[in-house]
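Just so it is clear, the model here is predicted, and its values are computed rather than measured. Basis for what follows: all heavy atoms, side chains included, without hydrogens, waters or symmetry-related copies.
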Amino acid sequence: MSIDSPNETAAISLRNADIQQALTDAHDQSLRMALIQITRDETLLSERYADREALHHFALEVIAGIRDGGQSVATDLPDAMSVHQMMQTMVDGEIPKEYVPMMMQEMSLTEPDRWYEDIPAEKRAELKVAVIGAGLSGILAAIRLQEAGIPFVVFEKDREVGGTWFENSYPGCRVDVPSHFYSYSFAPNHNWSSHFSPRDELFDYFNEVVDRYELRQHIRFNADVSSAEYVDNGRWLVTTESGDADEFNVVISAVGQLNRPRLPDIKGLNGFKGTTFHSAAWQDDVDLSGKRIVVIGTGASAFQFVPEIAKEAQHVSVLQRSPPWLMPTPHYHHEVQAGHQWLLRHVPYYANWYRFWLFWTGCDAFLKTLTVDKNWREPGSINAASEKLRQSVTAYMTSQVHDDELLSKIIPDYPPGGKRPLRDNGMWLAALQRDNVDLVTDPISEITSSGVALVEGATIDADVIICATGFQADHFLWPMDITGRNGVSLTEYWGSNPRAYLGMTVPQFPNLFCLYGPNTNLVHGGSIIFHSECQVNYIMSCLSHLLITEHRSLEPRAEVAEVFYQRVDDANRKRAWGIPEVQSWYKNSEGRVTQNWPFRLVDYWRETHELKKAHFDWR
């Protein structure tokens with residue numbers, strides 16, 4: 001089954017007046033580029049069509065013409081030079097040429113790589129792959145394997161697909177990446193109701209994709225993998241908690257970084273007589289109305305659910321260790337306009353160019369702001385742009401708060417980008433200023449049977465304690481027991497310092513691939529789906545080479561991996577999240593950044609776009 005058909009659009013039946021109405025909601029930059037690609041009329045690049053009235057007049061003629069059969073739609077792929085010119089016109093600025101191939105692939109404006117067609121089907125059928133996890137990365141791997149005709153099994157510990165979008169169901173849960181970019185490049189969704197979609201729509205999207213590609217027959221639900229042991233000669237033995245064991249040639253871990261909740265290590269937590277749960281294991285059967293609630297943590301999850309539960313709780317005490325930076329996003333909860341949605345569904349290439357716009361405007365430019373200037377001395381920032389951003393965001397946050405005591409608690413003392421920034425439309429600070437909400441910064445001494453005792457002596461009585469305390473992010477692949485060549489344990493090999501070449505492969509662990517592995521988390525822009533597509537494409541290149549040679553296994557050469565690790569570590573130390581003054585889940589207990597990719601998105605795309613065979617040992 002081919003998966004590369006994202007350029008299909010629905011038939012047009014609207015009357016001219018209704019088309020004209022839809023155009024009032026258009027993203028004009030995307031519309032203009034779509035019209036150029038439809039008509040191949042490059043006069044649309046002229047300044048005349050930067051005028052909205054002129055553009056919409058031309059658009060109405062073209063769209064009505066498609067409806068009536070008088071306007072053909074160009075289907076041949078545009079050349080890179082033309083696309084580059086269009087991109088620069090669209091953003092009204094310079095785009096380095098090195099970005100063009102990446103963006104064209106992301107926009108589905110390149111020929112799909114059907115490498116498997118040159119390999120006999122019976123040869124492909126000899127390779128058997130285990131995919132661990134049916135979240136967004138596991139689903140992606142399954143689609144690509146199915147397309148290539150390679151047998152596979154997906155092991156999923158939960159009863160449903162979706163990964164984080166199945167497990168996280170707390171009130172207010174939604175994505176913080178634009179919805180129309182937070183989807184597979186080959187499977188766009190034009191029906192998002194909001195620009196940043198709520199959890200239920202994301203869960204539905206991944207389920208719809210699974211059904212569209214008929215993947216459920218390959219998924220073993222409630223199958224929690226307990227171990228994977230490399231036997232020899234390109235063979236792994238994968239065992240589940242129930243004791244079932246199967247042999248595979250390749251293991252792809254798609255368990256992610258934010259998969260196993262982390263409960264706080266606080267004395268007395270188990271002795272609380274009320275209800276306690278982690279936000280990633282939300283208990284829908286617990287009625288929070290009229291309750292006294294303590295929330296431990298002010299990260300991304302608490303940021304979303306506290307404004308919701310505060311509406312019904314008697315009182316909410318939010319216990320904060322360090323405040324987040326809030327990035328102004330006024331449209332964070334806005335619905336997608338009906339006309340814009342119609343254009344995404346019906347106008348050829350409009351969605352492709354809108355995806356490009358979202359990608360480019362959230363791409364690599366911000367990385368400079370997050371890079372340390374060694375001569376910079378101002379506290380709370382790391383360079384001139386960082387200081388400008390700090391002042392701007394501080395002013396934004398200050399404008400919402402009229403209580404000096406609260407204000408002193410919410411402004412971070414670390415540089416923007418040092419920890420995960422949060423998209424804000426005013427709801428968080430509004431919630432903290434409700435009469436029934438307190439922000440508490442006094443550290444916790446212990447949990448008592450009736451609530452929380454603070455270091456300074458105060459106590460907080462509670463009926464419910466909600467731990468919004470993150471995940472076991474530095475425990476990659478935990479709690480699985482992974483054993484490589486010569487009986488080496490991955491847990492012992494890594495210790496507290498997980499590392500992988502390109503975030504995917506590890507010396508001494510042949511044919512083991514990690515998706516969303518060490519040092520692949522994105523902070524400065526992009527989408528984890530983009531990174532996952534890069535990784536899965538790279539894995540397919542590895543499998544292709546195994547299939548066309550007599551080799552049975554591959555693993556990165558140790559010296560190549562070490563050079564990569566050093567390069568990543570050197571760069572991470574020069575980023576806002578890597579400076580010694582900042583502590584976060586991005587770092588391990590030794591202060592090394594184990595989570596984040598410190599380079600540009602285009603750098604990762606380039607490094608994963610073409611397999612460097614000499615970087616691996618092939619056996």
At what distance, to the nearest 0.5 angstrom, does [atom1] of [X] lie from [atom2] of [Y]?
{"X": "Cys534", "Y": "Met504", "atom1": "SG", "atom2": "CE", "result": "8.5 Å"}
{"X": "His524", "Y": "Asn596", "atom1": "NE2", "atom2": "CG", "result": "10.5 Å"}
{"X": "Leu422", "Y": "Trp428", "atom1": "CG", "atom2": "CH2", "result": "8.5 Å"}
{"X": "Gln283", "Y": "Thr276", "atom1": "CD", "atom2": "OG1", "result": "8.5 Å"}

If only atom types and distance count, is the side chain of Thr275 paired as donor or acceptor with the main-chain N or O of Val464 below 3.5 Å?
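Checked: no pair found.
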
Would a distance-only check, ignoring hydrogens and angles, find a side-chain to backbone donor-acceptor pair under 3.5 Å from Tyr604 to Leu502?
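Confirmed, Tyr604 side chain pairs with Leu502 backbone.
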
Neighbour count above 12 (heavy atom, 6.0 Å) for Arg216 CZ:
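Correct, the count exceeds 12.
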
Quick check on Glu405: does its CD atom have over 12 non-hydrogen neighbours (other residues, nucleotides or ligands) under 6.0 Å away?
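No, because the 6.0 Å sphere around CD of Glu405 holds 12 heavy atoms or fewer from other groups.
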
Quick one: does Thr505's side chain get under 4.5 Å of Phe509's, heavy atoms only?
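Contact flag for Thr505/Phe509 side chains = no.
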
Would a 4.5 Å heavy-atom cut-off, applied to side chains only, mark Val437 and Gln433 as touching?
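A side-chain contact under 4.5 Å is absent here.
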
May I ask you to check if Arg144 and Phe186 form a cation-pi contact, with NZ or CZ under 6.0 angstrom from the six-membered ring centre and within 45° of the axis?
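Checked: cation-pi criterion met.
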
Would you please say whether a donor-acceptor pair under 3.5 Å links the side chains of His315 and Asp438?
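There is such a pair (donor and acceptor under 3.5 Å, judged by atom type) between the side chains of His315 and Asp438.
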
With respect to Asn521, which candidate in Tyr516, Trp585, Trp577, Trp597 satisfies the side chain to side chain donor-acceptor pair (under 3.5 Å) definition?
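Between Asn521 and the candidates, side chain to side chain donor-acceptor pair (under 3.5 Å) is satisfied uniquely by Tyr516.
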
The single option from Cys173, Ser179, Pro178 passing side chain to side chain contact (heavy atoms under 4.5 Å, CB included) against Val175
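The option that passes is Ser179.
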
